[in-house]
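So the structure is just underneath, and the comments pick up after that.
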Number of protein chains: 2
Amino acid sequence: MITFSEENYLKAIYHHSKDYPNGVSTNAIAKSMCTKASSVTDMLKKLSEKKLVNYKKYQGVLLTKQGEKKAVNLIRRHRLWEVFLLEKLNFTWDEVHEVAEELEHIKSEKLINELDRLLDFPKKDPHGDPIPDKDGNFTKDIKVLLSTLNEKETGICVGVNDTSTDFLKYLNKQNIAIGKHITVVEKEVFDGSILIKIEDNQFYISHQIAKNLFLQLQ
Amino acid sequence: MITFSEENYLKAIYHHSKDYPNGVSTNAIAKSMCTKASSVTDMLKKLSEKKLVNYKKYQGVLLTKQGEKKAVNLIRRHRLWEVFLLEKLNFTWDEVHEVAEELEHIKSEKLINELDRLLDFPKKDPHGDPIPDKDGNFTKDIKVLLSTLNEKETGICVGVNDTSTDFLKYLNKQNIAIGKHITVVEKEVFDGSILIKIEDNQFYISHQIAKNLFLQLQ
DNA sequence: ATAAGTTTTTAGTCTTATCTAAAAATAAAA
DNA sequence: TTTTATTTTTAGATAAGACTAAAAACTTAT
């Protein structure tokens, strides 16, 4: 069983390791976590025993495969909760982080995967950071659902989620096709419908449609 | 600042005090929390210092006004999360409790009040237990939103949530008024619209309307 | 009313996660 | 290459929450 505190250390090490790929210093961790170097040393020993980090005295620390997996999953949870708070609970950009910091520690696979579904499998959090999927993969080719785009964003249509003939017929009729540039002009909060622009035509599509169109972000 | 553990004790005492209004015994608490009597004694001293319980050695314990307020709020959080897990995240009846047990400790007023709104201010949790409102009142007179009724249920219109003139005008036009009996004939899953019956007239109203009409259940 | 049984509390220990202060190791400067 | 400065680790302490074992207080039964 992993504790809240251990999870927080893993997350901090993960973030620092981008800048210090040869080993994250004790002080760097202490500073970012508002704690003392001696506390960090204690925790590194514990995490090392649990095989979540590779740690040699005075040499800095890096995550093991196992540790990284846990860190990435934690980031997934954090970012999904942020999207949830913003989109479903009317939180503002600056309010999300603090609460997500608590929610991310709730331990339930199902909880987080269902949350992912509820939010239409978002690929980015409110700050534009990518959200890893359940296997820990960050989709670098940013194929996202049209429904997850914000106002003013544009993407190229690259695929559909629903492949029923009814849906494809509808797309034909509306002149929506692979390769077309689609811009989100306005999102209707009331029913989730979206005003989109394709080649100088503007029209509304329902949330249902937007949930089934994949775009590649520009 | 109140800890997870303290909150759990408050909850346990609250539940026991229904059966033992003159004082809850140390052993009863220990048993229901799967802990030892000595641990309970320790905690009762701490809670007593914080003025959350009235505790005299060997005499049993009861919540103070302040302690009860916290306990009721905790129950509110627990039950709202249960509704959320069941209705929005496809959890089953038996899965909700364990995860709600963790979620209930997340500290954010806004989080829980927005969750309440997202769920249309439910008055009962999945087990039929009442959900206290944000002021700690269990509505014994079950004033519920029309949107929360199930098919075949009937209620008397007792109020509105939205008081805009546009909304009230609409109600007039549709012959919806305080005192009228309203029966839910059918609920449309697709868009949340509801087929209702008032004095032999049947017609559809949108989810938006149903979310703003209070009924007293029959 | 006193002995036996039960419940509750105290006293002392353990673990987790912190901290301070001092010692050891590494890095930088003269 | 020494000396100085910085970083990191150790040693020892503290607080929260839990435990065991023993003492103290209440309850029952004789």
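Here is the naming used below: chain letters follow the sequence lines, and residue numbers restart at 1 for every chain. This is a predicted model, so every value here is computed, not measured.
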Exercise. Answer yes or no: are there more than 12 heavy-atom neighbours, outside Glu98(A) itself, under 6.0 Å from its atom CD?
Key: no

Quiz item: Do other residues, nucleotides or ligands put more than 12 heavy atoms under 6.0 Å from the NZ atom of Lys57(B)?
Solution: no

Is the phosphate of [N] approached by [X] (side-chain N or O, under 4.0 Å from OP1 or OP2)?
X        : N       : answer
Ser5(A)  : dT16(C) : no
Tyr9(A)  : dT18(C) : yes
Tyr55(B) : dT9(C)  : yes
Lys57(A) : dA24(C) : no
Lys46(B) : dG17(D) : yes

Exercise. Describe, in one word, how the ring planes of Phe84(A) and Trp81(A) are oriented to each other, choosing from parallel (under 30°), tilted (30 to 60°) and perpendicular (over 60°).
Key: perpendicular

Quiz item: Phe4(A) vs Phe4(B) aromatic rings, parallel, tilted or perpendicular, using cut-offs 30° and 60°?
Solution: perpendicular

Quiz item: Can you tell me how far CG of Asn8(A) sits from OG1 of Thr3(A), rounded to the nearest 0.5 angstrom?
Solution: 8.5 Å

Protein-nucleotide distance ([X], atom [atom1]; [N], atom [atom2]), rounded to Å:
X         : N       : atom1 : atom2 : value
Lys50(B)  : dA16(D) : NZ    : C1'   : 10 Å
Phe4(B)   : dA18(D) : CZ    : C1'   : 17 Å
Lys45(B)  : dA15(D) : NZ    : C1'   : 16 Å
Lys56(A)  : dT26(C) : NZ    : C1'   : 17 Å
Gln59(B)  : dC26(D) : CD    : P     : 7 Å
Asn8(A)   : dA17(C) : CG    : P     : 11 Å
Met43(B)  : dT9(C)  : CE    : P     : 15 Å
His105(B) : dG17(D) : NE2   : P     : 12 Å

Quiz item: Does Glu153(A) reach the main-chain N or O of Val184(A) with its side chain, forming a donor-acceptor pair under 3.5 Å?
Solution: no

Exercise. Report the nucleotide, chosen from dT8(C), dA24(C), dG17(D), that has the shortest atom-to-atom distance to any side-chain atom of Tyr58(B).
Key: dT8(C)

Quiz item: For the side chain of Thr3(B), counting heavy atoms from C-beta on, which of dG17(D), dT10(C), dT16(C) is nearest?
Solution: dG17(D)

Quiz item: At their closest point, which heavy atom of Pro132(A) faces which heavy atom of Arg76(A), and how far apart are they?
Solution: O-NH1, 3.0 Å

Quiz prompt | Interface residues of residues 17-41 of chain A with DNA chain C (non-hydrogen, below 4.0 angstrom) | solution = Thr35(A), Lys36(A), Ser38(A), Ser39(A)

